[in-house]
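Heads up, the thing below is written out as structure tokens.
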Amino acid sequence: MNNGLEDVVAAETILSDVRGAEGQLIIRGYPLVALAGRWTFEQTTHLLFTGFFDDLPDAAEFTAKLGTARVDVFEKTRGLLGPMSKLPAYDGMRAAMAMLSDGTALPDALRLLAAPAVLLPALIRLQAGDEPIEPSTSTGHAADVIRMLGRSDGAGALDTYLVTVSDHGLNASTFAARVVASTHAGLTSSVLAGLGALKGPLHGGAPGPVIDMLDAIAEEGDSAGWIERALDDGERLMGFGHRIYRTRDPRADALKAALRSFGDADARLRFAEGVEQAALEALHRRKPDRVLETNVEFYTALLLEAVGFPKHVFTGVFAMGRIAGWLAHAREQALTGRLIRPASRYVEPVTKDAA
Ligand code: ACO
């Protein structure tokens with residue numbers, strides 16, 4: 001039995017390809033480096049959605065429609081925000097999203113795409129004792145998130161982040177979304193499955209612990225000593241290693257470039273680069289036969305921290321970007337796939353007599 005379905009091909013997709021040996025991520029024919037920092041999240045999502053929705057307008061109109069969908073979501077969920085803010089932000093966001101219509105048409109997809117961008121800033125503000133800020137139709141998606149957080153810097157960095165994480169092959173949450181879509185349930189049902197899978201620490205929950213590690217090292221003031229001790233204790237260094245990439249994760253470099261253009265992060269970035277060097281040196285020395293490089297989560301943590309998100313909402317911001325991929329995969333599965341129904345091996349040794 002293949003525990004974890006490693007290397008099992010469970011879908012054919014035109015959406016993205018993770019090329020682990022080369023350290024390349026291809027999104028609908030484009031290498032990530034051609035999109036991150038160049039295309040907006042709206043343009044990238046439009047690319048992912050092409051061919052999967054009737055009446056898909058051009059990218060400019062799609063961007064305008066997403067702005068209208070943000071306002072629509074805010075109005076539809078306004079009355080829920082108070083009670084939902086009593087929950088952890090990720091859970092509150094997911095509960096509010098469950099109230100959206102469960103259709104499969106473009107307006108359903110646009111509302112779901114807009115929802116994390118609207119709900120997360122509103123819940124963060126309510127939890128801090130501030131009033132939510134209403135969405136605007138006159139800015140881009142990432143810039144509106146920054147505005148709704150009550151901040152003014154970081155829209156470009158956030159846009160690069162959302163594009164960078166928009167899709168990544170058949171990862172656990174995308175697979176979960178496709179399983180639900182294969183039953184021809186609606187898009188909300190698929191997205192809720194994706195949100196459930198993303199929440200776990202083995203998938204979307206990793207960047208928070210990167211901040212914990214950096215803070216612990218900063219407090220101690222000795223990167224190399226802290227790292228040696230952690231490895232001696234059998235701990236894993238957060239933000240390093242990957243199941244598929246056998247070289248550097250291309251998303252780490254895309255995010256590092258975005259951070260460089262973001263002035264406020266400079267001192268923290270220099271400190272983190274020192275930690276990264278010390279970590280890579282220790283990992284290469286201790287595991288010369290295993291390729292252990294920096295993964296996406298290391299620079300995700302730094303970028304989201306610099307943009308101003310508290311670390312407990314990092315997974316929700318991941319969902320804000322990955323929802324583009326979930327929606328496109330759900331449509332692809334429903335349109336081109338079959339019901340996903342694998343087999344299990346029964347291991348109970350004795351058959352009992354009911355009488
Ligand atoms: N720190 C220290 N040692 C490590 C690390 C690490 N970050 N990653 C792997 N190793 C070691 C393991 O201890 C193991 O050593 P052993 O053979 O002596 O037991 C060896 O390298 C291979 O480890 P595997 O678990 O087989 O590696 P795999 O490729 O399956 O795991 C994973 C990938 C889970 C990401 C792992 O590298 C890890 O735990 N990293 C830290 C957590 C992290 O950054 N997660 C985010 C990943 S990115 C993403 O999923 C979006």
Side-chain angles (χ1 to χ4, degrees), residues 2-8 16 18-21 23-25 27 32 36 90 161-177 194-217 223-256 272 275-305 311 314-326:
N2 184 350
N3 202 351
L5 303 183
E6 199 166 343
D7 295 329
V8 171
S16 63
V18 183
R19 298 186 182 162
Q24 278 244 43
L25 167 61
I27 297 181
L32 176 66
Y90 192 88
Y161 171 73
L162 296 177
V163 169
T164 299
V165 301
S166 60
D167 200 32
H168 201 240
L170 206 58
N171 57 86
S173 60
T174 300
F175 182 52
L195 282 167
L198 188 72
K199 188 179 172 185
L202 296 188
H203 189 4
V210 171
I211 296 293
D212 296 336
M213 179 182 78
L214 290 173
D215 287 346
I217 293 174
S223 302
W226 191 97
I227 286 165
E228 292 300 333
R229 217 177 44 251
L231 292 173
D232 285 345
D233 289 348
E235 286 176 29
R236 292 194 172 195
L237 302 180
M238 290 293 128
F240 298 90
H242 197 273
R243 174 60 61 85
I244 297 180
Y245 290 118
R246 284 296 156 255
T247 177
R248 207 172 154 82
D249 182 336
R251 299 170 299 171
D253 287 332
L255 299 183
K256 189 169 174 179
V275 173
E276 182 187 16
Q277 282 316 313
L280 290 174
E281 191 279 318
L283 289 170
H284 294 169
R285 177 168 31 80
R286 286 175 179 243
K287 298 253 177 257
D289 301 330
R290 174 88 187 173
V291 181
L292 291 172
E293 294 290 335
T294 314
N295 67 43
V296 67
E297 305 297 14
F298 191 78
Y299 285 104
T300 289
L302 290 160
L303 188 146
L304 297 185
E305 180 187 62
K311 71 180 175 193
F314 285 0
T315 311
V317 191
F318 193 166
M320 200 185 285
R322 182 56 56 82
I323 194 167
W326 292 339

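All residue numbers in this chain count up from 1 along the given sequence. When a ligand or atom number is given, it counts from 1 through the structure's own listing order.
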Response to the item:
Tested for side-chain contact (heavy atoms from CB on, under 4.5 Å) against V18, the lone hit among I244, D249, D167 is I244
Discussion item. Using a 4.0 Å cut-off to any heavy atom of G241, which atoms of ligand 1 qualify?
Written reply: 35 (C), 37 (O)
Worksheet item: Which ligand 1 atoms does L237 reach within 4.0 Å, using its non-hydrogen atoms?
Response: 1 (N), 2 (C), 6 (C), 7 (N), 41 (C)
Worksheet item: Is it true that N171 lies under 4.0 Å from ligand 1, counting heavy atoms only?
Response: no
Worksheet entry | Element-labelled atoms of ligand 1 that are located less than 4.0 Å from some non-hydrogen atom of M238 | 42 (C), 44 (O)
Discussion item. Restricting to non-hydrogen atoms, name the atom on V163 and the atom on S166 that form the minimum distance, rounded to 0.1 Å.
Written reply: O-OG, 2.9 Å
Worksheet entry | Under-4.0 Å protein heavy-atom contact, atom 19 (O) of ligand 1 | no
Practice prompt. Please say whether N295 places an N or O atom under 3.5 Å from an N or O atom belonging to ligand 1.
Written response: yes
Worksheet item: What part of V210, side chain from CB on, backbone N/CA/C/O, both or neither, has a heavy atom under 4.0 Å from ligand 1?
Response: neither
Fill in: Which residue and heavy atom of the protein sit nearest atom 28 (P) of ligand 1, plus the separation
R290 NH2, 3.5 Å
Discussion item. I need the atoms of ligand 1 closer than 4.0 Å to a non-hydrogen atom of L231, numbered in the order shown.
Written reply: 2 (C)
Discussion item. Salt bridge or not between E297 and R236? Use side-chain N to carboxylate O under 4.0 Å.
Written reply: no
Worksheet item: Which residue holds the protein heavy atom closest to atom 8 (N) of ligand 1, what is that atom called, and what is the gap in Å?
Response: L292 CD2, 3.6 Å
Fill in: atom 40 (N) of ligand 1: nearest protein contact (heavy atom, Å)
F240 O, 2.9 Å
Worksheet item: Going by the order shown, which atoms of ligand 1 are within less than 4.0 Å of some heavy atom of G239?
Response: 43 (C), 44 (O)
Practice prompt. Could you tell me whether H168 and F318 have their ring centroids closer than 6.0 angstrom?
Written response: no
Fill in: Salt bridge D232-R286, side-chain N to carboxylate O under 4.0 Å
yes
Worksheet item: Out of curiosity, is E6 lining ligand 1, as in a heavy atom under 4.0 Å away?
Response: no
Response to the item:
Among E297, K287, H242, the residue with a heavy atom nearest to atom 17 (O) of ligand 1 is K287
Discussion item. Using heavy-atom distances only, which candidate in R236, R246, M213, R243 approaches atom 25 (O) of ligand 1 most closely?
Written reply: R236
